[in-house]
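Comments concern the structure below.
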Amino acid sequence: KQCVISRAKRLAEKNGWDIQNLDKITRAKLMLFKKGDHWRCPCDAQNPDRYCGSYLCKTDVLTKGHCHCNLFHKKNPS
């Protein structure tokens, strides 16, 4: 569990994103995927091109303001 949380926090910090729904998404990843596959998107599990930090994930955050599963969000300008 801590591995999933740590990776999400690192990705958010690296890309300048906010995180929401971290507990919910972490639980979903742990239920859906075996160890080693927790990087995958729980809301689009059949798409190997969509995962946390992927091009699709980054594009969603930039164009929609959040990723597909609503984990990562574009930071609001302060």
Side-chain angles (χ1 to χ4, degrees):
K1 178 179 178 178
Q2 192 56 41
C3 169
V4 176
I5 292 170
S6 296
R7 185 173 192 278
K9 288 181 177 180
R10 281 194 312 272
L11 278 169
E13 185 176 330
K14 176 183 173 188
N15 290 287
W17 298 333
D18 284 329
I19 295 180
Q20 294 181 15
N21 305 309
L22 182 57
D23 289 335
K24 179 180 170 184
I25 299 300
T26 298
R27 284 193 308 274
K29 285 176 175 262
L30 293 172
M31 284 189 310
L32 291 170
F33 305 122
K34 63 183 176 163
K35 188 175 181 177
D37 283 344
H38 295 137
W39 50 270
R40 294 171 54 193
C41 178
C43 300
D44 196 7
Q46 301 306 313
N47 185 350
D49 294 327
R50 184 179 299 282
Y51 54 88
C52 292
S54 69
Y55 174 78
L56 292 173
C57 178
K58 291 177 181 179
T59 301
D60 285 346
V61 175
L62 289 172
T63 60
K64 299 176 184 173
H66 58 84
C67 69
H68 188 69
C69 67
N70 278 309
L71 176 61
F72 300 114
H73 289 254
K74 187 188 290 187
K75 283 191 178 182
N76 291 325
S78 339

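Of all heavy-atom pairs between I19 and A8, the closest is CD1-O, 3.6 Å. A pairwise comparison of heavy atoms in N70 and H66 identifies OD1-ND1, 3.0 Å as the closest pair.
Using a 4.5 Å cut-off between side-chain heavy atoms of Ile, Leu, Val, Met, Phe, Trp and Tyr, L30 falls into a hydrophobic cluster with V4.
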Task: Residues K64, T59; criterion side chain to side chain contact (heavy atoms under 4.5 Å, CB included); working and verdict - done: CA-CA 8 Å; K64 299 176 184 173; T59 301; over 6 Å; no

TODO: Go through the steps to decide whether R50 and H68 satisfy the test side chain to side chain contact (heavy atoms under 4.5 Å, CB included), and finish with yes or no.
DONE: CA-CA 9 Å; R50 184 179 299 282; H68 188 69; 3.6 Å; yes

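A donor-acceptor contact shorter than 3.5 Å is absent between the side chain of K1 and the backbone of T26. Judged purely by atom type and a 3.5 angstrom limit, K74 uses its side chain to pair as donor or acceptor with the backbone of L62. One N or O on the side chain of K29 and one on the backbone of H38 form a donor-acceptor pair closer than 3.5 Å.
At a threshold of 4.5 Å between side-chain heavy atoms, the hydrophobic network of Ile, Leu, Val, Met, Phe, Trp and Tyr places I25 and I5 in one connected group. Placement of W39 and L11 in two distinct hydrophobic clusters is found when ILVMFWY residues are connected by side-chain heavy-atom separations under 4.5 Å, directly or transitively.
Contact check for L32 versus D37: no side-chain heavy atoms found under the 4.5 Å cut-off. Residues R40 and N47 form no side-chain contact, since every pair of their non-hydrogen atoms from C-beta on lies 4.5 Å or further apart. At a threshold of 4.5 Å between non-hydrogen side-chain atoms, the residues D49 and S54 do not count as touching. Side-chain atoms of V61 and N15, non-hydrogen and from C-beta on, never get closer than 4.5 Å to each other. Counting heavy atoms from C-beta on, the side chains of C57 and F72 come closer than 4.5 Å.
Atoms SG and CG, from C67 and D44 in turn, are 11.0 Å apart once rounded to the nearest 0.5 Å. To the nearest 0.5 Å, the span separating CZ on R7 from CZ on R10 amounts to 7.5 Å.
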